[in-house]
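When reading the values below, keep in mind they use all heavy atoms of this one structure, side chains included, and skip hydrogens, waters and symmetry mates.
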Amino acid sequence: MMQIVVSPLSEELKAALQDKIDQKTKPPGSLGRLEQLALQAGLIQNSLTPELRHPHLIVFAGDHGIAAEGLVNPFPQAVTAQMVYNFLQGGAAINVFCRQHQLQLTVVDAGVNHEFPAHPLLHDRKIACGTQNYLHGPAMSPDQCRLAMAAGAEEVKLAHDAGCNIIGFGEMGIGNTSSAALLMSHFTGISIADCVGTGTGSNAQQLTQKKAVLQQVLAHHLKPPTPELALATYGGFEIAMITGAIIQAAALKMMVVIDGFIVSSALLAAVAMQPAVKDYCVFAHCSEEKGHKAMLQFLGVKPLLELDMRLGEGTGAAMAIPVIQSAVLFLREMASFNSAQVSNRTI
């Protein structure tokens, strides 16, 4: 179990922050969700003038034992490594959005079934060449799960030490929507059939098989008694690293931008371990992957964007960070009624 402790947000500045927001030259509440984001940023940073520094996205990649059998995924396992090369060459959607919005990008090999040559963007945190097949046993041992969570935490510390205070996470791993669905069903109690979606593009027959296989997995493992054991049983190395990364980022009082279905499944595990984590999170978007909307409803949160995306890679987080930047900038730079000599009274 990670020994990192996440403190609840301090409410000390809440009234002062709200007053500052209300005194801007606008009708009360007229900036909608941006006002809520500004308040959250101020509370996280315990400041009336929060700022976003060196926004960073980390994409964790890992392979899944079950994917080698082709039971739950239409694409072969080799696509995980191929997409990592695409990230490193700058050709994926996440690369485009990071360039557009000037976001730092790191790619982490959490456990891909391939040996990559050294590359400036790539951090080697490989736990093993993919997880075990959870049809037959846990995806990883408790020790492997702890190592993965610690590695994710270390990546966040590196970003934080470089000045970053807002961070988002992405993932790549053929078969990882299946892991996410299993974790969702475990933590929410929602039936696996309502958690399973098409992932990278399963047809109707493949989707039926996917649901049957995952139901079999749940029956085989019964119900792991702790969040850590659930993560070890059903997760991927990339998902476990994201769980550790989220917890560490919240402990360091960073804003944590939650991407889509797979990252949200890692968050479910993180919240089960450290409930205060959720206060530090901004939910970037609602993925089109089946189950994500119900996941967000279970968490009691509202996504910032609804763009019908379901790519993963952290693309939703990359699209949301500029919106968060706008919220922080209006709080810092927009004139107040007093400073602008504008009346804030109705006639």
Output yes when a side-chain donor or acceptor of [X] lies under 3.5 Å from a complementary backbone atom of [Y], and no otherwise.
X: Asn95; Y: Ala92; result: yes
X: Thr233; Y: Leu229; result: yes
X: Gln132; Y: Pro138; result: no
X: Arg33; Y: Pro303; result: yes
X: Asp22; Y: Pro28; result: no

Restricting to non-hydrogen atoms, name the atom on [X] and the atom on [Y] that form the minimum distance, rounded to 0.1 Å.
X: Cys129; Y: Glu115; answer: SG-OE2, 4.0 Å
X: Ala151; Y: Arg125; answer: CB-CD, 3.9 Å
X: Ile246; Y: Ala270; answer: CG2-CB, 4.2 Å
X: Ala284; Y: Val257; answer: CB-CG1, 4.0 Å
X: Thr131; Y: Gly235; answer: CG2-O, 3.9 Å
X: Leu88; Y: His119; answer: O-NE2, 3.3 Å

Is it true that the side chains of His292 and Ser264 contain a donor and an acceptor less than 3.5 Å apart?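 Result is yes, a qualifying pair exists.
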Verify the distance criterion only: is there a donor paired with an acceptor across the side chains of Ser178 and His64 at less than 3.5 Å?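 No, because no side-chain N or O of Ser178 sits under 3.5 Å from a partner of the opposite role on His64.
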Would a single hydrophobic cluster contain both [Y] and [X], if residues Ile, Leu, Val, Met, Phe, Trp and Tyr are joined by side-chain heavy-atom contacts under 4.5 Å?
X: Val107; Y: Val96; value: yes
X: Leu311; Y: Ile242; value: no
X: Phe298; Y: Ile239; value: yes
X: Leu158; Y: Leu122; value: no
X: Phe337; Y: Leu31; value: no

Rounded distance (nearest 0.5 Å) linking atom [atom1] of [X] with atom [atom2] of [Y]:
X: Met295; Y: Thr188; atom1: CE; atom2: OG1; answer: 7.5 Å
X: Ile262; Y: Glu289; atom1: CD1; atom2: CD; answer: 6.5 Å
X: Met184; Y: Cys195; atom1: CE; atom2: SG; answer: 4.0 Å
X: Gln23; Y: Ile21; atom1: CD; atom2: CD1; answer: 11.5 Å
X: His54; Y: Asn165; atom1: NE2; atom2: CG; answer: 8.5 Å
X: Leu267; Y: Ile258; atom1: CG; atom2: CD1; answer: 4.5 Å

Min side-chain heavy-atom separation [X]-[Y] under 4.5 Å:
X: Met319; Y: Thr315; result: no
X: Ile44; Y: Pro50; result: no
X: Tyr134; Y: Leu214; result: yes
X: Tyr280; Y: Met254; result: no
X: Leu43; Y: Asp279; result: no
X: Gln45; Y: Lys253; result: no
X: Gln325; Y: Ile166; result: no
X: Thr49; Y: Lys20; result: yes

Do Phe237 and Phe60 have their ring centres less than 6.0 Å from each other?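 No.
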Mind telling me whether His221 and Tyr234 have parallel, tilted or perpendicular rings, with 30° and 60° as the class edges?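 Rings of Tyr234 and His221: perpendicular, as their planes differ by over 60°.
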Would you say that more than 12 heavy atoms from the other residues, nucleotides or ligands in this model lie under 6.0 Å from the NZ of Lys293, or not?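 Atom NZ in Lys293 is not packed in, count stays at 12 or less.
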